[in-house]
Q: 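Structure incoming, see below.
In what follows, every heavy atom counts, from backbone to side chain, and hydrogens, waters and symmetry copies are set aside. Since this is a predicted model, take the numbers as computed values, not measurements.
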Amino acid sequence: MKDSSSYSGQTDPHHTPGQLAARSSAQTFAVAVTGLFKDALDLIYPSGLKCICCGAIIDVTRTYSLCNQCMARVNWIIPGARTCDRCGKLLSANNSGTTCFSCRENPHVFHRALACSQYGALERDIIFSMKYRGHTEIGDILGEIMWDRLQSLDEMEKHEIFQGGIHVIAPVPLSRQRLLARGFNQSYLMAAGLARRMEAPCDQNLLRRIRNTSAMKSLTPAERRQNIRGAFQVTRDVTGQHVMVVDDIYTTGSTADEIATALMAAGAARVIFFTFAAGADVVKS
């Protein structure tokens, strides 16, 4: 096995530049053919006949349009699982408490958060398929998953989390630039699917992103908070209301906190953040 640390940028002495160029062209061609094959399958098979995660052909009876293998491999947060009493992510085996390590270090503005799964490779594939491959039908499926997650809560959990119900559901908004580029807001598709099943109003215009922000993936928690600060505006009065905010993934809670700050300034009495996936409970080394 080659040691990647020894890479010097020089060409492989066992291959000529022509051979290397040919190999690169072959790899590019293979990627292109794979993409075309997937696009062809999209045309041949309706969305309901393909697994939303791996793309395997399935029948319409499959729960959440997932094949058996992916259904079994998604890291679901099941009834009775140990979850953080603030952000809702799964607690790690080495955490004997009731609060995740992140929430202990970073107090939150929002009242509670809830998730359906722990973010990993399969959860990423489902979200990416919706966001970047244009499979907008996944939004409603995730809304169904979120509805079932609510139904799995016992009465004590429901009371503790909601404390009197939800008055309105709102998606995390995209910037105008990103919305135009993507053509849809995935969080709204999820929120609309959930709201229909809850028989609750969904207001896609309640929150507005008033400035562009940098991608959060490579930022530290402190940098995320700084990056997102002042990015959201509430468009109407929500005095006394319980607001559920829907997004695809919860990581550090920076976005949830900034939105909760804006909502509570507009009078909201309670803010619940609900996502399909949440990051892992990771202890700092």
Side-chain angles (χ1 to χ4, degrees), residues 64 77 83 86-89 108-117 119 123 126-127 130-131 136-153 155 157-176 178-179 182 184-210 228 231-251 253-278:
Y64 309 141
I77 298 178
T83 57
R86 194 62 186 274
C87 74
K89 66 175 59 172
H108 293 296
V109 179
F110 64 84
H111 295 87
R112 280 298 302 267
L114 195 65
C116 305
S117 63
Y119 188 73
E123 294 74 18
I126 292 170
I127 292 171
M130 173 176 59
K131 291 170 68 170
T136 55
E137 73 281 357
I138 293 177
D140 186 66
I141 295 171
L142 297 186
E144 179 185 5
I145 291 172
M146 297 170 87
W147 166 247
D148 286 346
R149 174 75 175 106
L150 293 181
Q151 298 311 295
S152 74
L153 300 173
E155 291 306 313
E157 289 176 310
K158 289 179 182 178
H159 174 75
E160 195 280 324
I161 293 171
F162 299 109
Q163 297 188 7
I166 296 297
H167 295 97
V168 63
I169 298 174
V172 172
L174 296 178
S175 67
R176 178 176 174 80
R178 189 163 297 174
L179 181 60
R182 186 172 298 164
F184 61 92
N185 178 358
Q186 73 281 352
S187 297
Y188 168 66
L189 299 178
M190 297 167 61
L194 174 61
R196 187 177 72 256
R197 293 170 173 88
M198 289 180 66
E199 299 183 352
C202 180
D203 187 348
Q204 65 174 315
N205 299 312
L206 177 61
L207 298 167
R208 179 183 299 145
R209 192 180 288 257
I210 56 177
I228 204 74
F232 302 101
Q233 181 182 70
V234 182
T235 61
R236 63 175 175 83
D237 181 69
V238 288
T239 298
Q241 295 189 6
H242 293 191
V243 182
M244 176 180 282
V245 181
V246 170
D247 204 4
D248 50 7
I249 181 172
Y250 174 99
T251 48
S254 300
T255 298
D257 280 331
E258 196 60 34
I259 288 176
T261 298
L263 283 167
M264 292 170 70
R270 192 166 180 82
V271 178
I272 310 298
F273 203 75
F274 195 8
T275 61
F276 164 62

Q: Just so I know, are the side chains of F276 and I249 near enough to count as touching, which here means a heavy-atom distance under 4.5 Å?
A: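 Of all side-chain heavy-atom pairs linking I249 with F276, none is under 4.5 Å.
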Q: Ignoring hydrogens, what is the shortest heavy-atom contact between R209 and S175? Give both atom names and the distance.
A: CD-N, 3.5 Å
Q: Identify the heavy atoms of A170 and L206 that sit nearest to each other, and give their distance.
A: CB-CD2, 3.9 Å
Q: Which heavy atom of E123 sits nearest to which heavy atom of S117, and what is that distance?
A: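 For E123 and S117, the tightest heavy-atom pair comes out as CG-OG, 3.5 Å.
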Q: With E160, which residues qualify under salt bridge (Lys or Arg N to Asp or Glu O under 4.0 Å), at least two apart?
A: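 Once residues adjacent in sequence are excluded, the partners of E160 under the salt bridge (Lys or Arg N to Asp or Glu O under 4.0 Å) criterion are R112.
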Q: Tell me, please, which residues at least two apart from H111 pass ring pair (Phe, Tyr, Trp, His ring centres under 6.0 Å).
A: none
Q: State, with a plain yes or no, whether a side-chain heavy atom of T235 is found less than 4.5 Å away from one of L207.
A: no
Q: A side-chain contact here means heavy atoms from C-beta on lying under 4.5 Å apart; do I272 and V245 qualify?
A: no
Q: Is there a side-chain contact between F273 and C87 (heavy atoms, below 4.5 Å)?
A: no
Q: Report the residues that fulfil side chain to side chain contact (heavy atoms under 4.5 Å, CB included) with R196, sequence neighbours left out, ordered by chain and then residue number.
A: D140
Q: With a 4.5 Å cut-off on side-chain heavy atoms, are L153 and F162 touching?
A: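 Counting from C-beta outward, F162 and L153 do come under 4.5 Å.
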Q: Of all residues at least two apart in sequence or in a different chain, which pass the salt bridge (Lys or Arg N to Asp or Glu O under 4.0 Å) check with R236?
A: D203
Q: Taking only residues at least two apart or on different chains, which pairs with a member in residues 162-174 satisfy salt bridge (Lys or Arg N to Asp or Glu O under 4.0 Å)?
A: none
Q: Restricting to non-hydrogen atoms, name the atom on V271 and the atom on A260 that form the minimum distance, rounded to 0.1 Å.
A: CG1-CB, 4.0 Å
Q: If every non-hydrogen atom of I169 is compared with every non-hydrogen atom of A191, which pair is closest and at what distance?
A: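 That would be CG2-CB, 4.0 Å.
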Q: Run the salt bridge (Lys or Arg N to Asp or Glu O under 4.0 Å) test against E155 and tell me which residues pass, sequence neighbours left out.
A: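 Only K158 meet the salt bridge (Lys or Arg N to Asp or Glu O under 4.0 Å) criterion with E155.
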Q: Calculate, to the nearest 0.5 Å, the distance between atoms CG and CD belonging to D248 and Q186 respectively.
A: 5.0 Å
Q: The criterion is salt bridge (Lys or Arg N to Asp or Glu O under 4.0 Å); which residues satisfy it with D247, sequence neighbours excluded?
A: none
Q: In Å and rounded to the nearest 0.5 Å, what is the CD1 to SG distance from I166 to C202?
A: 12.5 Å
Q: Could I get the full list of side chain to side chain contact (heavy atoms under 4.5 Å, CB included) partners for T261, not counting sequence neighbours?
A: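 By the side chain to side chain contact (heavy atoms under 4.5 Å, CB included) rule, T261 matches V109.
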Q: Quick one: side chains of residues 144-151, donor-acceptor pairs under 3.5 Å with protein atoms, not counting sequence neighbours, listed by atom name and distance.
A:
{"unit_1": "D148", "atom_1": "OD2", "unit_2": "Y64", "atom_2": "OH", "d": "2.5"}
{"unit_1": "R149", "atom_1": "NE", "unit_2": "A115", "atom_2": "O", "d": "2.7"}
{"unit_1": "R149", "atom_1": "NH1", "unit_2": "S152", "atom_2": "OG", "d": "3.3"}

Q: Residues two or more places apart in sequence or in another chain: which of them pass side chain to side chain contact (heavy atoms under 4.5 Å, CB included) with R176?
A: L180
Q: Which residues satisfy the side chain to side chain contact (heavy atoms under 4.5 Å, CB included) test with A231, sequence neighbours excluded?
A: R211, T213, I228
Q: Going from CG on L174 to OH on Y188, what distance comes out if it is rounded to the nearest 0.5 angstrom?
A: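 Result: 13.0 Å between the selected atoms.
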Q: Between atom OH of Y119 and atom CD1 of I127, what is the distance when rounded to the nearest 0.5 Å?
A: 5.5 Å
Q: Taking the side chain as every heavy atom from C-beta outward, state whether L114 and I161 have any atom pair closer than 4.5 Å.
A: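 With C-beta onward as the side chain, the pair touches.
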Q: Filter on salt bridge (Lys or Arg N to Asp or Glu O under 4.0 Å), then keep only pairs touching residues 253-274, sequence neighbours left out; what's left?
A: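 Salt bridge (Lys or Arg N to Asp or Glu O under 4.0 Å) check on residues 253-274 returns no pairs.
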Q: Shortest non-hydrogen contact from M130 to M190?
A: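 That closest heavy-atom pairing would be CE-SD, 4.0 Å.
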Q: Closer than 3.5 angstrom, by distance alone: can the side chain of N185 be matched with the main-chain N or O of V172 as a donor-acceptor pair?
A: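 A pair under 3.5 Å: yes.
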